[in-house]
Amino acid sequence: MGDIFSIILIAVMVVLGGVPSLYILISMPMILAGKIYRKVKFGNSLYD
């Protein structure tokens, strides 16, 4: 019974740690690409 609880706990920890990590991994390049695109196309600041 303890092994099942450990497996479930580890699975929950993987999901709770993996989802935010994937979000950051995907969103950061998209945000930077959008900022660079606006800088080139419209001349906006990178800090806006």
Side-chain angles (χ1 to χ4, degrees):
M1 192 63 151
D3 292 336
I4 295 171
F5 181 73
S6 295
I7 291 171
I8 292 171
L9 184 62
I10 290 171
V12 169
M13 289 170 51
V14 165
V15 169
L16 290 177
V19 171
S21 298
L22 286 175
Y23 174 75
I24 292 170
L25 184 68
I26 293 169
S27 68
M28 287 303 289
M30 291 178 64
I31 291 170
L32 290 174
K35 286 184 173 288
I36 292 170
Y37 172 76
R38 288 189 321 181
K39 174 70 174 172
V40 170
K41 179 106 175 160
F42 305 113
N44 291 353
S45 173
L46 292 175
Y47 299 107
D48 288 338

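Quantities reported herein were computed from a predicted structural model and do not represent experimental measurements. Each residue takes its place number in the sequence, starting with 1.
- Taking a 4.5 Å side-chain heavy-atom cut-off between Ile, Leu, Val, Met, Phe, Trp and Tyr, the cluster of Ile10 extends to Val14.
- Under the side chain to side chain contact (heavy atoms under 4.5 Å, CB included) criterion, Ser21 pairs with no residue, sequence neighbours left out.
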Ignoring hydrogens and angles, write down the donor-acceptor pairs under 3.5 Å from the side chains of residues 33-44, residues two or more places apart or on other chains.
residue : atom : partner : partner atom : Å
Lys35   : NZ   : Leu46   : O            : 3.4
Lys35   : NZ   : Asp48   : O            : 2.5
Arg38   : NH2  : Asp48   : O            : 3.2

